[in-house]
Amino acid sequence: MKRIELRPDLRTAGGEVNDILVDGRYAGTMTLVYREGGRLTGSVQLDRDVLRARDKRRVLEHVNDYVQSFVLAVGAASCEVFVTYSPFDQFIVMADEEDEELVGTWKDADDEPEWQEAEYELVLVGKKRNRLHYHVYDDRRRWIAEAHLRADDGKVTGSVRWRSLPDDDEIELVTELIVSDFDEDSVDEFLIDHRHEDELLETVELTHEEVPETKTSHGKKTGMRGEANFAAKLIRDDGDTLTYEIRSKADGNRTIGTATVDIRERRLTGFIDFRERRHADDAGAIAAVLMRELDKEKEYDGLNLSLMYRNRLIDEFIVENETVH
């Protein structure tokens with residue numbers, strides 16, 4: 001059975017915005033606003049290009065249960081939430097963060113897009129001794145593959161399992177991204193199988209001389225400093241939502257961001273709002289420190305984090321509970 005989750009993007013005293021995830025994959029957005037006079041209004045937008053029709057019913061049941069609990073929590077006298085199930089026709093594209101102003105512009109989904117190479121992100125979701133478990137996401141935050149690797153005596157072996165059939169360029173880009181996550185001075189050889197379902201697509205074997213000096217420009221990995229460099233302090237407890245202050249010793253023990261975590265479900269969701277974008281590169285270490293603090297509050301299965309900078313989503317980080325136990 002597929003896992004359905006609501007991942008908070010924004011919460012205020014008057015409402016909230018949540019991403020709807022199905023097995024960790026974005027499937028839509030729910031917006032709820034609580035107005036004066038005890039009225040709850042909102043909308044649920046489901047992306048038909050992503051969410052299959054056979055999963056729609058269960059998603060709506062999950063959303064309906066959440067809305068009903070929200071009504072009871074705020075004591076709303078009336079509730080009106082609109083649901084749409086269709087491809088996204090339009091969206092607002094914001095200017096690059098380097099621009100002095102952020103300018104919203106409309107862009108039609110039917111416009112001819114400029115061709116560009118795909119970008120992939122490698123996220124470490126599990127580590128036990130010399131075994132590593134990665135997820136690979138594309139530029140639409142879709143989970144496209146996972147890798148199980150083992151590092152022994154200067155040799156990395158393992159496999160990448162693709163969720164859909166990749167082409168040769170995709171195999172090459174993900175291989176380079178994996179290679180870039182290891183210290184070239186400590187690894188002499190890579191042996192990686194690429195598989196789709198039960199089929200072996202390709203076996204990639206690289207020696208030290210063949211390993212690229214730098215990672216591909218179309219991929220990015222989650223780098224990290226040591227966990228000892230960071231600290232998480234609980235500064236607010238709203239019952240189902242906890243807020244932590246994140247500090248960095250390397251930055252003079254100053255606050256580098258705040259983490260807000262929803263603890264209602266066994267799989268926790270939340271976001272970290274960073275004061276500087278560069279600190280998102282240390283999401284792995286920060287998440288590990290944060291999870292140790294969450295261990296003091298309740299038992300849980302894992303943590304899904306959205307990494308934010310200036311109220312904009314810049315990355316995702318998914319951690320299994322075993323990574324810090």
Side-chain angles (χ1 to χ4, degrees), residues 7-9 24 97-98 119-137 139 141 143 147 149 151 176-187 214-235 242-262 268-296 300 302-325:
R7 180 183 61 197
D9 274 351
E97 66 175 315
E98 288 78 12
E119 181 178 275
Y120 299 102
E121 178 186 5
L122 185 71
V123 177
L124 180 65
V125 297
K127 183 177 181 181
K128 189 173 183 180
R129 298 186 180 89
N130 60 342
R131 298 179 183 273
L132 303 121
H133 181 196
Y134 294 93
H135 281 181
V136 182
Y137 298 90
D139 53 2
R141 307 201 307 268
W143 178 24
L149 304 173
E176 291 182 11
L177 194 56
I178 290 172
V179 168
S180 72
D181 202 44
F182 291 86
D183 184 354
E184 63 180 20
D185 294 328
S186 61
V187 178
T214 59
K215 68 181 179 72
T216 170
S217 60
H218 306 294
K220 57 184 177 179
K221 63 186 178 66
T222 304
M224 57 181 69
R225 286 182 284 177
E227 297 170 18
N229 184 65
F230 301 98
K233 179 182 178 182
L234 181 63
I235 58 173
L242 305 177
T243 304
Y244 292 85
E245 183 180 71
I246 309 299
R247 291 180 175 270
S248 167
K249 296 179 182 177
D251 293 271
N253 203 36
R254 67 182 178 88
T255 301
I256 62 171
T258 55
T260 303
V261 183
D262 187 330
L268 311 184
T269 59
F271 62 92
I272 301 178
D273 189 6
F274 290 102
R275 296 186 178 181
E276 296 182 37
R277 185 183 180 115
R278 63 184 175 90
H279 289 117
D281 292 337
D282 299 307
I286 293 171
V289 171
L290 180 61
M291 290 179 74
R292 278 198 290 271
E293 293 301 313
L294 291 167
D295 281 341
K296 302 174 183 177
Y300 57 95
L303 174 65
N304 289 22
L305 282 175
S306 297
L307 309 184
M308 313 289 292
Y309 173 63
R310 294 182 179 176
N311 293 322
R312 295 178 62 193
L313 179 67
I314 58 175
D315 216 337
E316 301 285 343
F317 201 80
I318 304 173
V319 194
E320 303 299 333
N321 203 23
E322 65 175 12
T323 61
V324 295
H325 290 305

message: I need the single residue from Ile246, Asp282, Leu307, Asp315 that forms a side chain to side chain contact (heavy atoms under 4.5 Å, CB included) with Phe274. Which is it?
response: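 Of the listed options, the one satisfying the test is Leu307.
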message: If the test is side chain to side chain contact (heavy atoms under 4.5 Å, CB included), which one of Leu303, Asp262, Thr260, Leu305 qualifies with Thr269?
response: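 Of Leu303, Asp262, Thr260, Leu305, side chain to side chain contact (heavy atoms under 4.5 Å, CB included) with Thr269 is met by Asp262 alone.
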query: Roughly how far, to the nearest 0.5 Å, is the CG atom of Asp295 from the CZ atom of Arg292?
result: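 Atom-to-atom, Arg292:CZ and Asp295:CG are 9.0 Å apart.
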message: For the CD1 atom of Ile272 and the NE2 atom of His279, what is their distance to the nearest 0.5 Å?
response: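 Here the rounded value is 11.5 Å.
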- prompt: Can you check side-chain contact (heavy atoms from CB on, under 4.5 Å) on Glu176 and Val179, steps first, answer last?
  reply: CA-CA 5 Å; Glu176 291 182 11; Val179 168; 5.6 Å; no
Do the side chains of [Y] and [X] get nearer than 4.5 Å, heavy atoms only?
| X | Y | answer |
| --- | --- | --- |
| Ile256 | Arg275 | no |
| Phe182 | Leu132 | yes |
| Ile318 | Trp143 | no |

- prompt: How far apart are the closest heavy atoms of Ala232 and Val289, and which atoms are they?
  reply: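 Nearest pair, atom of Ala232 first, then Val289: N-CG1, 3.7 Å.
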- prompt: Any idea which heavy atoms bring Gly270 and Pro8 closest together, and the distance?
  reply: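 Smallest interatomic distance, heavy atoms only, reads CA-CG, 4.1 Å.
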task: Output all residues satisfying side chain to side chain donor-acceptor pair (under 3.5 Å) with Asn304, sequence neighbours left out; order by chain, then residue number.
output: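 Per chain and number, Asn304 pairs via side chain to side chain donor-acceptor pair (under 3.5 Å) with Arg267.
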- request: Check salt bridge (Lys or Arg N to Asp or Glu O under 4.0 Å) between Arg247 and all other residues, then give those that pass, not counting sequence neighbours.
  value: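 Salt bridge (Lys or Arg N to Asp or Glu O under 4.0 Å) check on Arg247 returns Glu245.
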field: With sequence neighbours excluded, residues passing salt bridge (Lys or Arg N to Asp or Glu O under 4.0 Å) with Glu276
entry: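 By the salt bridge (Lys or Arg N to Asp or Glu O under 4.0 Å) rule, Glu276 matches Arg254, Arg278.
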- prompt: Taking Tyr244 for the side chain and Val261 for the main chain, is one N or O donor matched with an acceptor at less than 3.5 Å?
  reply: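 It does not hold such a pair.
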